[in-house]
Amino acid sequence: DSPKPEHSDAQARHESHTRMGQTAQPHGGTQSQRQDKQNMAIWKEICVGNLSRKYELTRLSPDAAKCLAQWEGKDLFLNGITELPASIAEKLSQWEGEWLCLNRLTELSPEAAESLSRWRGIRLSLNGLIELTPQAAKYLSEWRGKEMEVVGLGKISPEANKYLTAWQKAGGEIISR
């Protein structure tokens, strides 16, 4: 018996395409197109009450966000979501749970922060944020929750920090390290 190669030709091509930034799929388009199809399938599942794959989402549609907002669970982990348009944040802000995790967001627009500030939950996790603008921090400082996680936050201006510090002094807890 001769030893089998560790990688097949197909695996080698896949790894090569992956290294180049966009994964080509033999059947079904790019990684992005496959992800869109998967997101759409999960959105449909969510809106018929099956939330078992919500953690796999990388994007939310307005309808899926509306369906999620009606869910009666306590913890909503959407750590695959990489962008949060204000319209989606507005729908999520209507969810009545306690802990909302959006840890893959690297940025948060002031408009999305304003929508999240209306959410009535207890704990908000935004650990993927790299930077927080003063305007977004101002809106987040209006949130009435108890605990905000921003562990990944690298850049924060003195003005933005002033808003978060004021929120902390008013009784909120910020977890940043």
**Item:** Steps toward side-chain contact (heavy atoms from CB on, under 4.5 Å) verdict (T82, T106)
**Value:** CA-CA 7 Å; T82 57; T106 56; over 6 Å; no
| message | Using side-chain hydrogen bond (donor to acceptor under 3.5 Å, both in side chains), reason through E56 and Q38 one step at a time and then give a plain yes or no. | response | CA-CA 9 Å; E56 295 178 36; Q38 180 175 328; 2.7 Å; yes
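Atom OG of S125 and atom CG of L78 lie 11.0 Å apart (nearest 0.5 Å). Between the CG atom in L132 and the OH atom in Y163 there is a gap of 11.5 Å [rounded to 0.5 Å]. With rounding to the nearest 0.5 Å, the separation of CG in L116 from CD in E111 is 12.0 Å. With values rounded to the nearest 0.5 angstrom, L164 atom CG is found 9.0 Å from S176 atom OG.
Side chains of L124 and E149 form no contact here, defined as non-hydrogen atoms less than 4.5 Å apart. The side-chain heavy atoms of N127 and L102, taken from C-beta on, include no pair separated by under 4.5 Å. Contact annotation: the side chain of W167 approaches that of M148 to within less than 4.5 Å [non-hydrogen atoms, C-beta and beyond]. L68 is listed as a side-chain neighbour of L51, based on a closest heavy-atom distance under 4.5 Å. Looking only at side-chain heavy atoms (C-beta outward), L126 and L153 stay at 4.5 Å or farther from each other. Side-chain atoms of L129 and L108, non-hydrogen and from C-beta on, do get closer than 4.5 Å to each other.
Residues that satisfy the salt bridge (Lys or Arg N to Asp or Glu O under 4.0 Å) test with E147, not counting sequence neighbours, are R123. E45 pairs by the salt bridge (Lys or Arg N to Asp or Glu O under 4.0 Å) definition with R53, not counting sequence neighbours. Residues satisfying the salt bridge (Lys or Arg N to Asp or Glu O under 4.0 Å) test with E142, not counting sequence neighbours, are K138. Scored by the salt bridge (Lys or Arg N to Asp or Glu O under 4.0 Å) test, E90 finds R118 as partners (sequence neighbours excluded).
Applying the ring-ring contact (aromatic ring centres under 6.0 Å, His included) definition to pairs two or more places apart or across chains, none involves residues 32-52. Within the structure, salt bridge (charged side-chain N to carboxylate O under 4.0 Å, His left out) pairs that include any residue of residues 153-164 comprise E131-K155 (at least two apart or interchain). Sorted by first then second residue, the disulfide (SG to SG under 2.5 Å) pairs that include residues 95-127, not counting sequence neighbours, number zero. Applying the ring-ring contact (aromatic ring centres under 6.0 Å, His included) test to pairs two or more places apart or on separate chains, those with a residue in residues 109-130 are W95-W119, W119-W143. Residue pairs meeting the disulfide (SG to SG under 2.5 Å) criterion with at least one member in residues 40-88, sequence neighbours excluded: C47-C67.
The other residues sharing a hydrophobic cluster with I175 are V151, where clustering joins ILVMFWY side chains under 4.5 Å apart. Grouped by direct or indirect side-chain proximity (heavy atoms under 4.5 Å, Ile/Leu/Val/Met/Phe/Trp/Tyr only), I130 sits alone.
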Please table the atom pairs, donor to acceptor, closer than 3.5 Å between any side-chain atom in residues 58-66 and protein atoms at least two apart or in another chain.
from: T58; atom 1: OG1; to: N39; atom 2: ND2; distance (Å): 2.8
from: R59; atom 1: NH2; to: D36; atom 2: OD1; distance (Å): 3.4
from: S61; atom 1: OG; to: A64; atom 2: N; distance (Å): 2.9

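Side-chain atoms of N79 come within 3.5 Å of backbone atoms of N103 as a donor-acceptor pair (strictly under, hydrogens ignored).
The local environment of CD in Q168 is crowded, with over 12 non-hydrogen atoms from other residues, nucleotides or ligands closer than 6.0 Å.
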